[in-house]
Amino acid sequence: MSECSRPELIVQRQLDAYNAHDHEAWLNTYAEDAQQFEYPSTLLADGLDAIRKRSISRFQDPVLHASLLQRSVMGNMVIDFEEVRMTFPEGTGRIEMTAIYQVDEGKIKTASFVFGKKTLDTDIT
């Protein structure tokens, strides 16, 4: 496996593009036939075009930022524990998230998301 195709480097490139609001660079980390799921098996997007459509408005959010709290790597699987800052319909805030990535041939093949606790900025006292 070449240095540039190590799964954790692909996932880090994806995270860096996400935080830079660089939608095309972020999409470039995904395979053409990639799929996104809400863990364990609810299909959110099937294929790169569907992922593009699902994510484009998110990249317009000026507060969008994911903070990596912990990363585990086993073979071609990368598990990130993150806190994502974003704008919800109710206002700005944060959500805890676990992202499970399967990386094959230098691209993200599947991404499964576990959505945790959401905290709105108005909830903070």
### Task
Just jot down the ring-ring contact (aromatic ring centres under 6.0 Å, His included) partners of Tyr39, sequence neighbours excluded, or say none.
none

### Task
Mind checking ring-ring contact (aromatic ring centres under 6.0 Å, His included) for Tyr30 and listing every partner two or more places apart, or none if nothing turns up?
Trp26

What distance do [X] atom [atom1] and [Y] atom [atom2] have between them, rounded to the nearest 0.5 Å?
| X | Y | atom1 | atom2 | answer |
| --- | --- | --- | --- | --- |
| Asp61 | Met86 | CG | CE | 6.5 Å |
| Leu27 | Ile51 | CG | CD1 | 7.5 Å |
| Arg71 | Leu15 | CZ | CG | 6.5 Å |
| Thr87 | Arg85 | OG1 | CZ | 7.5 Å |
| Ser112 | Gln35 | OG | CD | 9.0 Å |
| Ser72 | Met77 | OG | CE | 11.5 Å |

So, for [X] and [Y], which heavy atoms are closest and what is the spacing to 0.1 Å?
| X | Y | result |
| --- | --- | --- |
| Leu64 | Arg58 | CD2-O, 3.4 Å |
| Leu120 | Gly91 | CD2-O, 3.8 Å |
| Val84 | Ala66 | CG2-CB, 4.0 Å |
| Gly75 | Val73 | O-CG1, 3.9 Å |
| Ser55 | His23 | OG-NE2, 2.7 Å |

#### Entry: Whether Gln14 side chain and Val11 backbone form a donor-acceptor pair below 3.5 Å
yes

Mind checking whether [X] and [Y] have side chains closer than 4.5 Å, heavy atoms only?
| X | Y | value |
| --- | --- | --- |
| Lys117 | Ile95 | no |
| Gln70 | Asp80 | no |
| Leu69 | Glu82 | no |
| Gln36 | Phe113 | yes |

### Query
With respect to Tyr101, which candidate in Ile10, Asn76, Ile108 satisfies the side chain to side chain contact (heavy atoms under 4.5 Å, CB included) definition?
Ile108

### Task
Show your reasoning for whether side chain to side chain contact (heavy atoms under 4.5 Å, CB included) applies to Ile79 and Met74.
CA-CA 9 Å; Ile79 303 171; Met74 184 170 36; over 6 Å; no

Those residues that, when tested against [X], pass salt bridge (Lys or Arg N to Asp or Glu O under 4.0 Å) (two or more places apart):
| X | result |
| --- | --- |
| Asp33 | Lys109 |
| Glu90 | Lys118 |
| Glu105 | none |

Any salt bridge linking [X] with [Y]? Criterion: basic side-chain nitrogen under 4.0 Å from a carboxylate oxygen.
| X | Y | value |
| --- | --- | --- |
| Asp46 | Arg54 | no |
| Arg94 | Glu83 | yes |
| Arg13 | Asp16 | no |

### Message
Going by the rule side chain to side chain donor-acceptor pair (under 3.5 Å), which residues pair with Asp22 if we only count those two or more places apart in sequence or in a different chain?
### Response
none

### Query
Are Tyr18 and Leu44 in one and the same hydrophobic cluster, where Ile, Leu, Val, Met, Phe, Trp and Tyr link if side-chain heavy atoms are under 4.5 Å apart?
yes

